[in-house]
Protein chains: 2
Amino acid sequence: MAAELNQLCPRFEKAIELLSKRWTTLIVYRLLDGPRRFMDIEGSLSNLSGKVLSERLKELEEAGIVLRTVYPEKPVRIEYSLTDMGRGLAPLMDDIQGWATRWIKIEQEQS
Amino acid sequence: MAAELNQLCPRFEKAIELLSKRWTTLIVYRLLDGPRRFMDIEGSLSNLSGKVLSERLKELEEAGIVLRTVYPEKPVRIEYSLTDMGRGLAPLMDDIQGWATRWIKIEQEQS
DNA sequence: CTCACAAAATTACTTTATGTAACCGAGTAT
DNA sequence: ATACTCGGTTACATAAAGTAATTTTGTGAG
């Protein structure tokens, strides 16, 4: 019956909703290096299917994080890049990297 | 046929795998305020089911992020709290909050 | 001890999200 | 025309998450 005592900040909630979807963070991470084509992203993240990549890119474009650019060249070329909003996620990635380096242990196979 | 050109840091990958699971970040966020009981976490995050909360807490405990403490009181009390590793995620949360405040727009209902 | 109670977890079942692979469509090259 | 590439979708199969009932564990009442 009682409402939640501690409401979350709606922006924070929205951000989490976006970022904690499977693959989203890794796609953004890949795009931090620069613009990439559909194929390149798909090929660089194993187990990521074209179907889901397509969905995620649409969501990210809709959210203003990713920009889709069509280059009308010989074979038309489509590139995905980060907007300022997307590049604003860089410090976040650094935090994750830093935290992971400090705390995550990778298990070596025992021979 | 060709292997991926840019391998991800395994620690980074592991961190993302942990943190980008649905609910994980929000559970950790709630625990940043201090220890909480199962019921309290469940009640404070709408749509989070007890089943998944149970799974996530086990994963987080396994990963060393969350500590489960049993207090043998009148009705036994079980509290979940963050370890140092878990508290190490605080800056990340702050970054997300900062990014969200800067970039996320919340749509108001039009009357 | 047996019964009832409460919180923490689990189980069975339904719904949603993701993975797989085949296919479409536009543009080029042969 | 034929075949090939890239971006994208569709149909179908599997895995993850939501719902609600149930079990477990430990208390206290009788």
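Just so it is clear, the model here is predicted, and its values are computed rather than measured. Each chain gets a letter, A, B and so on, in the order the sequences are listed, and its residues count up from 1.
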How many whole angstroms separate atom [atom1] of [X] from atom [atom2] of [N]?
{"X": "Leu53(B)", "N": "dT19(D)", "atom1": "CG", "atom2": "P", "answer": "14 Å"}
{"X": "Asn47(B)", "N": "dT16(C)", "atom1": "CG", "atom2": "P", "answer": "12 Å"}
{"X": "Arg56(B)", "N": "dT10(C)", "atom1": "CZ", "atom2": "P", "answer": "14 Å"}
{"X": "Lys58(B)", "N": "dA8(C)", "atom1": "NZ", "atom2": "C1'", "answer": "10 Å"}
{"X": "Arg36(A)", "N": "dC6(D)", "atom1": "CZ", "atom2": "P", "answer": "15 Å"}
{"X": "Glu42(B)", "N": "dA7(C)", "atom1": "CD", "atom2": "P", "answer": "11 Å"}
{"X": "Glu55(A)", "N": "dG8(D)", "atom1": "CD", "atom2": "P", "answer": "13 Å"}
{"X": "Glu17(A)", "N": "dA17(D)", "atom1": "CD", "atom2": "P", "answer": "15 Å"}

Is it true that [X] and [Y] have a side-chain N and a carboxylate O under 4.0 angstrom from each other?
{"X": "Lys21(B)", "Y": "Glu59(B)", "value": "yes"}
{"X": "Glu55(B)", "Y": "Lys58(B)", "value": "no"}
{"X": "Glu13(A)", "Y": "Arg11(A)", "value": "no"}

Interface polar pairs with nucleotides 26-30 of chain C, N/O, under 3.5 angstrom:
| from | atom 1 | to | atom 2 | distance (Å) |
| --- | --- | --- | --- | --- |
| dG27(C) | O3' | Lys74(A) | O | 2.6 |
| dT28(C) | OP1 | Lys74(A) | O | 2.1 |
| dT28(C) | O5' | Lys74(A) | O | 3.1 |

Practice item. Can you check whether any acceptor in the base of dA16(D) is under 3.5 Å from a donor in the side chain of Lys21(B), or vice versa? Key: no
Proximal nucleotide (of [options]) relative to the [X] side chain:
{"X": "Ile78(B)", "options": "dT18(C), dC6(D), dA8(C)", "value": "dA8(C)"}
{"X": "Tyr80(B)", "options": "dG7(D), dA8(C), dT10(C)", "value": "dA8(C)"}
{"X": "Lys51(A)", "options": "dA7(C), dC12(D), dA17(D)", "value": "dC12(D)"}
{"X": "Phe38(A)", "options": "dC6(D), dT10(C), dG8(D)", "value": "dG8(D)"}
{"X": "Arg68(A)", "options": "dG19(C), dG18(D), dG7(D)", "value": "dG7(D)"}
{"X": "Arg22(A)", "options": "dG7(D), dT10(C), dG19(C)", "value": "dG19(C)"}

**Study point:** Crowding at CD, Glu62(A) (>12 non-hydrogen neighbours, <6.0 Å)
**Key:** no
If you compare every side-chain N and O of [X] against the phosphate oxygens of [N] (OP1, OP2), does one of them come in below 4.0 Å?
{"X": "Ser49(A)", "N": "dG19(C)", "answer": "yes"}
{"X": "Trp23(B)", "N": "dG18(D)", "answer": "yes"}
{"X": "Arg77(A)", "N": "dT5(D)", "answer": "no"}

Exercise for review: Show the numbers, then the answer: is there a side chain to side chain contact (heavy atoms under 4.5 Å, CB included) between Leu89(A) and Leu19(A)?
Suggested key: CA-CA 10 Å; Leu89(A) 290 168; Leu19(A) 298 175; 4.0 Å; yes
Exercise for review: Scan Val28(A), Ile27(A), Asp84(A), Leu57(A) and name whichever one has a side chain to side chain contact (heavy atoms under 4.5 Å, CB included) with Ile65(A).
Suggested key: Val28(A)
Practice item. Name the nucleic acid region contacted by Arg37(B), choosing base, sugar-phosphate or nothing; use a 4.0 angstrom heavy-atom cut-off, strictly under. Key: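 It contacts sugar-phosphate atoms only.
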Review point. Given that Gly50(B) and Leu48(A) both sit by DNA chain C, which one's nearest nucleotide is further toward the 5' end?
Key: Gly50(B)
Review point. Only one of Trp99(A), Trp103(A), Tyr29(A) forms a ring pair (Phe, Tyr, Trp, His ring centres under 6.0 Å) with Phe12(B), so which one is it?
Key: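 Only match with Phe12(B) under ring pair (Phe, Tyr, Trp, His ring centres under 6.0 Å): Tyr29(A).
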**Study point:** Donor-acceptor under 3.5 Å (Thr24(B) side chain, Ser20(B) main chain)
**Key:** no
